[in-house]
Engineer: 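One structure coming up, written as structure tokens, with questions to follow.
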Amino acid sequence: MVLNIKAGGPSALPSGAADMRTWRGLVSRGARSLREPCGRAQRGALSPPRLLREQWIRAKYERQEFTHPDKQEPYSAGYREGFLWKRGRDNGQFLSRKFVLTEREGSLKYFNRNDAKEPKAVMKIEHLNATFQPAKIGHPHGLQVTYLKDNSTRNIFVYHEDGKEIVDWFNALRAARFHYLQVAFPGASDADLVPKLSRNYLKEGYMEKTGPKQTEGFRKRWFTMDDRRLMYFKDPLDAFARGEVFIGSRESGYTVLDGLPPSTQGHHWPHGITIVTPERRFLLACETETEQRAWVEAFRKVVDRPMLPQEYAVEAHFKHKP
């Protein structure tokens, strides 16, 4: 059982949560992993979802998963198959879909029909992430799964009526990620790999934006900051982003400024942000000063962090996108 633990450590969990450090195998490693990638800019999202707190208690005291590793099989066996309610990309309806996770193939697949021989989509574990999004999805067991398709982010939104079932899926995805990372980075320690199992977004919310010529009007968009990828959507539940922006480091020519250039027109919201990249400036506007400060804090945390070698390759792809 893996808990989505955030800032504040064990105090954010029910009494006895400090015992999670003794969880065995992947379970104990995963418990620590989600402390690290969470930025303070999330503020209100720092406590673990109620679903995870409830399932942690049940896993420990009812099912005794922490002291009986054989009971961890539902999410540590390397293979999982079942049905989840998935939101349709075009019509927004949730329909039952078959999902298959295989560590051996390094993929998560889903099928549009029970008898379908070919999957509708194949998501590589290498680029997959899962995070609970009950408020966004409108269901207490809502899970957002993202992966890369043609190097652009694709979102799928799922839930299950049974809380244990969706948490088992979440843990199974993290277990598959751990297996992949062990193979991809054979010299890395568990402490190095655990923070990479899954991540929460640094910040999400509405802002206004304008286009590259900065002459068209500002439009309200939903923004998601996923590590160095800033994505914007027309709707929070869109499958694909309308656009993605790579946010590099200060040493590479990226910076974040309060406010907008004096000549800027067409924005309805008064609190501006200017993101400067080597190629262009991105002009954004927030509804409140509090939101502006939170976004600027999130952006600067990323800009102030030196880029990793593999992030330069991602940056190069963004520069050559059509």
Side-chain angles (χ1 to χ4, degrees), residues 6-8 35-47 129 131-137 144 146 153 155 199-238 240-307 311 314-315 318:
K6 301 292 185 2
R35 272 193 217 116
E36 304 304 327
C38 174
R40 291 181 183 175
Q42 280 184 304
R43 301 188 186 279
L46 293 181
S47 60
N129 184 52
T131 181
F132 282 99
Q133 294 275 22
K136 181 191 288 188
I137 295 173
Q144 179 174 350
T146 62
T153 304
N155 298 320
R199 63 191 180 276
N200 289 315
Y201 300 132
L202 298 178
K203 178 98 176 86
E204 288 194 289
Y206 282 107
M207 289 191 287
E208 291 182 334
K209 69 169 292 293
T210 187
K213 296 181 180 179
Q214 300 173 7
T215 56
E216 55 266 56
F218 279 67
R219 296 182 178 180
K220 182 180 175 182
R221 294 289 183 257
W222 177 266
F223 283 80
T224 296
M225 188 70 186
D226 184 6
D227 197 30
R228 292 195 183 273
R229 287 177 182 256
L230 175 64
M231 300 168 284
Y232 56 91
F233 306 82
K234 187 174 182 180
D235 184 88
L237 295 175
D238 283 348
F240 293 97
R242 291 293 183 97
E244 299 190 31
V245 180
F246 181 84
I247 308 294
S249 66
R250 195 176 303 280
E251 293 80 5
S252 298
Y254 296 82
T255 189
V256 180
L257 306 173
D258 291 319
L260 300 170
S263 60
T264 306
Q265 297 180 352
H267 57 97
H268 300 93
W269 288 350
H271 304 282
I273 301 173
T274 300
I275 299 177
V276 181
T277 77
E279 284 71 44
R280 58 168 282 197
R281 291 174 176 245
F282 293 87
L283 307 185
L284 310 171
C286 299
E287 186 174 17
T288 67
E289 185 179 356
T290 300
E291 271 295 284
Q292 180 205 40
R293 287 199 302 264
W295 275 109
V296 168
E297 181 182 355
F299 290 144
R300 286 180 176 163
K301 282 181 179 294
V302 174
V303 168
D304 291 343
R305 192 178 74 227
M307 286 171 59
E311 291 175 331
V314 178
E315 179 189 38
F318 270 80

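Since the structure is predicted, the reported quantities are computational estimates derived from the model, not experimental observations.
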Engineer: Can you list everything that forms a salt bridge (charged side-chain N to carboxylate O under 4.0 Å, His left out) with Arg250? Sequence neighbours excluded, please.
Structural biologist: Asp304
Engineer: Sequence neighbours excluded, which residues qualify as side-chain hydrogen bond (donor to acceptor under 3.5 Å, both in side chains) partners of Asp258?
Structural biologist: none
Engineer: What distance do Leu230 atom CG and Glu244 atom CD have between them, rounded to the nearest 0.5 Å?
Structural biologist: 9.0 Å
Engineer: Roughly how far apart are Ser252 OG and Glu315 CD, rounded to 0.5 Å?
Structural biologist: 5.5 Å
Engineer: When rounded to the nearest 0.5 angstrom, what is the spacing between OG1 in Thr288 and CZ in Arg293?
Structural biologist: 8.0 Å
Engineer: Could you tell me if the side chain of Tyr254 sits less than 4.5 Å from the side chain of Phe246, heavy atoms only?
Structural biologist: yes
Engineer: Calculate, to the nearest 0.5 Å, the distance between atoms CD1 and OG1 belonging to Ile247 and Thr277 respectively.
Structural biologist: 7.5 Å
Engineer: Is there a side-chain contact between Lys209 and Arg242 (heavy atoms, below 4.5 Å)?
Structural biologist: no
Engineer: Any side-chain heavy atom of Lys301 sitting closer than 4.5 Å to one from Leu202?
Structural biologist: no
Engineer: Evaluate the criterion side chain to side chain contact (heavy atoms under 4.5 Å, CB included) for residue pair Met231 and Asp238; output intermediate values, then yes/no.
Structural biologist: CA-CA 11 Å; Met231 300 168 284; Asp238 283 348; over 6 Å; no
Engineer: Which residues satisfy the side-chain hydrogen bond (donor to acceptor under 3.5 Å, both in side chains) test with Asp226, sequence neighbours excluded?
Structural biologist: Arg199
Engineer: Might you work through the side chain to side chain contact (heavy atoms under 4.5 Å, CB included) test for Phe318 and Arg228, ending with a clear yes or no?
Structural biologist: CA-CA 11 Å; Phe318 270 80; Arg228 292 195 183 273; over 6 Å; no
Engineer: Would you say that Thr264 contacts Thr210 through its side chain, given a criterion of any heavy-atom pair below 4.5 Å between the two side chains?
Structural biologist: no
Engineer: Yes or no on side chain to side chain contact (heavy atoms under 4.5 Å, CB included) for Trp295 and Val256, after CA distance, side-chain angles and deciding distance?
Structural biologist: CA-CA 10 Å; Trp295 275 109; Val256 180; over 6 Å; no
Engineer: If we only count heavy atoms from C-beta on, is the Glu291 to Ile273 side-chain gap below 4.5 Å?
Structural biologist: no
Engineer: Could you tell me whether a side-chain N or O of Thr274 sits under 3.5 Å from a main-chain N or O of Gly259, the two making a donor and an acceptor?
Structural biologist: yes
Engineer: Taking side-chain hydrogen bond (donor to acceptor under 3.5 Å, both in side chains) as the definition, give me every residue that meets it alongside Asn155, ordered by chain and number, with sequence neighbours left out.
Structural biologist: Gln144
Engineer: Rounded to the nearest 0.5 Å, how far does NZ of Lys203 lie from OG1 of Thr224?
Structural biologist: 10.0 Å
Engineer: When rounded to the nearest 0.5 angstrom, what distance separates CG in Leu283 from CZ in Arg280?
Structural biologist: 7.5 Å
Engineer: Who are the side-chain hydrogen bond (donor to acceptor under 3.5 Å, both in side chains) partners of Arg221, not counting sequence neighbours?
Structural biologist: none
Engineer: With under 30° as parallel and over 60° as perpendicular, where do the rings of Tyr232 and Phe223 fit, or are they tilted in between?
Structural biologist: tilted
Engineer: Quick one: does any side-chain atom of Glu208 pair with a main-chain N or O of Trp269 as donor and acceptor, under 3.5 Å?
Structural biologist: yes
Engineer: Please report the closest heavy-atom contact between Ser249 and Pro306, naming both atoms and the distance.
Structural biologist: CB-CA, 4.3 Å
Engineer: Could you check Phe233, Tyr206, Tyr201 and say which one makes a ring pair (Phe, Tyr, Trp, His ring centres under 6.0 Å) with Trp222?
Structural biologist: Tyr206
Engineer: List in chain and number order the residues that pass side chain to side chain contact (heavy atoms under 4.5 Å, CB included) with His271, two or more places apart in sequence or in another chain; answer none if no residue qualifies.
Structural biologist: Cys286, Glu289, Gln292
